[in-house]
Amino acid sequence: MLMKRLILIAVLSATLSGCGYNALQAQDENVNAAWSEVLNQYQRRADLVPNLVNVVKGYAAHEEKVLIEVTQARAKVGSMQITPELAKDEAALAKFQEAQAGMTSALSRLMVVAEKYPDLKANQNFRDLSAQLEGTENRIAVARNRYIETVKTFNTTARSFPTNLTAKMFDLNPKPNFKVENEKAISTAPTVDFNSEKK
C-alpha cells in the first residue's frame, strides 16, 4: 500500500513538473515577493511624508494649500486596503496606482515650495528627509521594474502552450501589471521651438 502511494506521488510529481506546474508556482512566488517589495518602498515613502510636512510647516506656514494636498494624498494612500489580492485585480491595481501618482504629484509641489525658502533648504532635517525621499523614489522605480519583469515572466509562462493548460487547471491566471500613467502625453513628441526663446 505504501509502495503504491510512493509510486503515485512520484508519477504525479514527474507529471506536474513536466507540464510547468513547478515553474508556474516558482514564478508566482517571485511575483508575490516583487509585489511585497513594491509595497515596502511605497510604505517607506508614506512613513517619511508626515515628518517632511512637519519640517516644511515651520518654514512655510502660508503654503498651507500645498501642505494640505500632501497630507490628503498621504491619507488617501493610507486608507487603501493593501492585500496580496490587490495585485491580482486590475481595477484595484489601477486605483492603487492612481493614489500613488497623487502622492508623487503632491510631493513634487512640496519640493517646489521648498525651493522658495533658502533657510528650509539649508535645514539639516529637511536635507536628510528629502535625501531619504529621493532614495525612496529611486527604490520604488527599481521595485516597480522588478515587479513588471516578474509579472512578464509569469504571464509568458501562463499564456504559452502547454503550460497555459496547467495554469488554467490550477487557476493561475495572467496577472495585471503596472501601466504608464501618462501614456497619451508621453506618446506625443515634444515641440522644439527655438524662436520662442528669443522673444
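For the residue pair Gln25 and Glu29, no side-chain donor N or O sits within less than 3.5 Å of a side-chain acceptor on the partner. Between the side chains of Asn30 and Asn32, no donor-acceptor pair is found at a separation under 3.5 Å.
Heavy atoms from other residues, nucleotides or ligands lying under 6.0 Å from CD of Glu134 number 12 at most.
Separation of atoms CG (Asn164) and CG (Leu172) is listed at 12.0 Å; rounding is to 0.5 Å. Atom-to-atom distance recorded for Glu137:CD and Gln132:CD is 12.5 Å, nearest 0.5 angstrom.
Residues meeting the salt bridge (Lys or Arg N to Asp or Glu O under 4.0 Å) test with Glu64, sequence neighbours left out: none. For Gln72, the side-chain hydrogen bond (donor to acceptor under 3.5 Å, both in side chains) test picks out no residue, with sequence neighbours left out. For Arg127, the side-chain hydrogen bond (donor to acceptor under 3.5 Å, both in side chains) partners at least two apart in sequence or on another chain are Gln124.
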- Task: Could you give me the CA-CA distance, side-chain angles and deciding distance for Asp47 and Gln43, then say whether side-chain hydrogen bond (donor to acceptor under 3.5 Å, both in side chains) is met?
- Result: CA-CA 6 Å; Asp47 291 343; Gln43 186 60 51; 2.8 Å; yes

- Message: Test side chain to side chain contact (heavy atoms under 4.5 Å, CB included) on Asn123 and Tyr59; report intermediate values, then the result.
- Response: CA-CA 10 Å; Asn123 179 279; Tyr59 286 85; 2.8 Å; yes

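The shortest side-chain heavy-atom distance between Gln27 and Lys175 does not fall under the 4.5 Å cut-off. Side-chain contact between Ile68 and Lys65 is absent, with no heavy atoms from C-beta onward closer than 4.5 Å.
Identified under the ring-ring contact (aromatic ring centres under 6.0 Å, His included) test for residues 68-110, with sequence neighbours left out: Trp35-Phe96, Tyr42-Phe96.
Taking each heavy atom of Phe154 and Asp28 in turn, the nearest pair found is CD1-N, 3.7 Å. Here the closest heavy-atom approach between residue Thr163 and residue Thr157 is recorded as OG1-O, 2.5 Å. Gly102 and Ala73 make their closest contact through O-CB, 4.0 Å (heavy atoms, listed as atom of the first residue, atom of the second, distance). The nearest pair of heavy atoms linking Met80 to Ala92 is CE-O, 4.4 Å. Among all heavy-atom pairs drawn from Pro176 and Lys88, the shortest one is CD-O, 3.6 Å.
No single ILVMFWY cluster, assembled from side-chain heavy atoms under 4.5 Å apart, contains both Met169 and Leu165. Under a hydrophobic-cluster definition in which Ile, Leu, Val, Met, Phe, Trp and Tyr are linked whenever side-chain heavy atoms come within less than 4.5 Å, directly or via other members, Val38 and Val77 are assigned to different clusters. Placement of Ile140 and Val142 in two distinct hydrophobic clusters is found when ILVMFWY residues are connected by side-chain heavy-atom separations under 4.5 Å, directly or transitively. Grouping the Ile, Leu, Val, Met, Phe, Trp and Tyr side chains by contacts below 4.5 angstrom, directly or via other members, places Leu48 with Val113.
Formation of a donor-acceptor pair under 3.5 Å by the Thr166 side chain with backbone atoms of Cys19 is found in this model.
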Do any side-chain atoms of residues 146-153 form donor-acceptor pairs under 3.5 angstrom with protein atoms, and if so which ones, sequence neighbours left out?
| residue | atom | partner | partner atom | Å |
| --- | --- | --- | --- | --- |
| Thr150 | OG1 | Arg146 | O | 3.2 |
| Thr150 | OG1 | Tyr147 | O | 2.9 |
| Thr153 | OG1 | Glu149 | O | 3.0 |

Pairs under 3.5 angstrom only: tabulate donor-acceptor contacts from the side chains of residues 103-112 to other protein residues two or more places apart or in another chain.
| residue | atom | partner | partner atom | Å |
| --- | --- | --- | --- | --- |
| Thr104 | OG1 | Arg45 | NH1 | 2.9 |
| Thr104 | OG1 | Gln100 | O | 3.0 |
| Ser105 | OG | Arg109 | NH1 | 2.8 |
| Ser108 | OG | Thr104 | O | 3.0 |
| Arg109 | NE | Glu69 | OE1 | 2.6 |
| Arg109 | NH2 | Glu69 | OE1 | 3.0 |

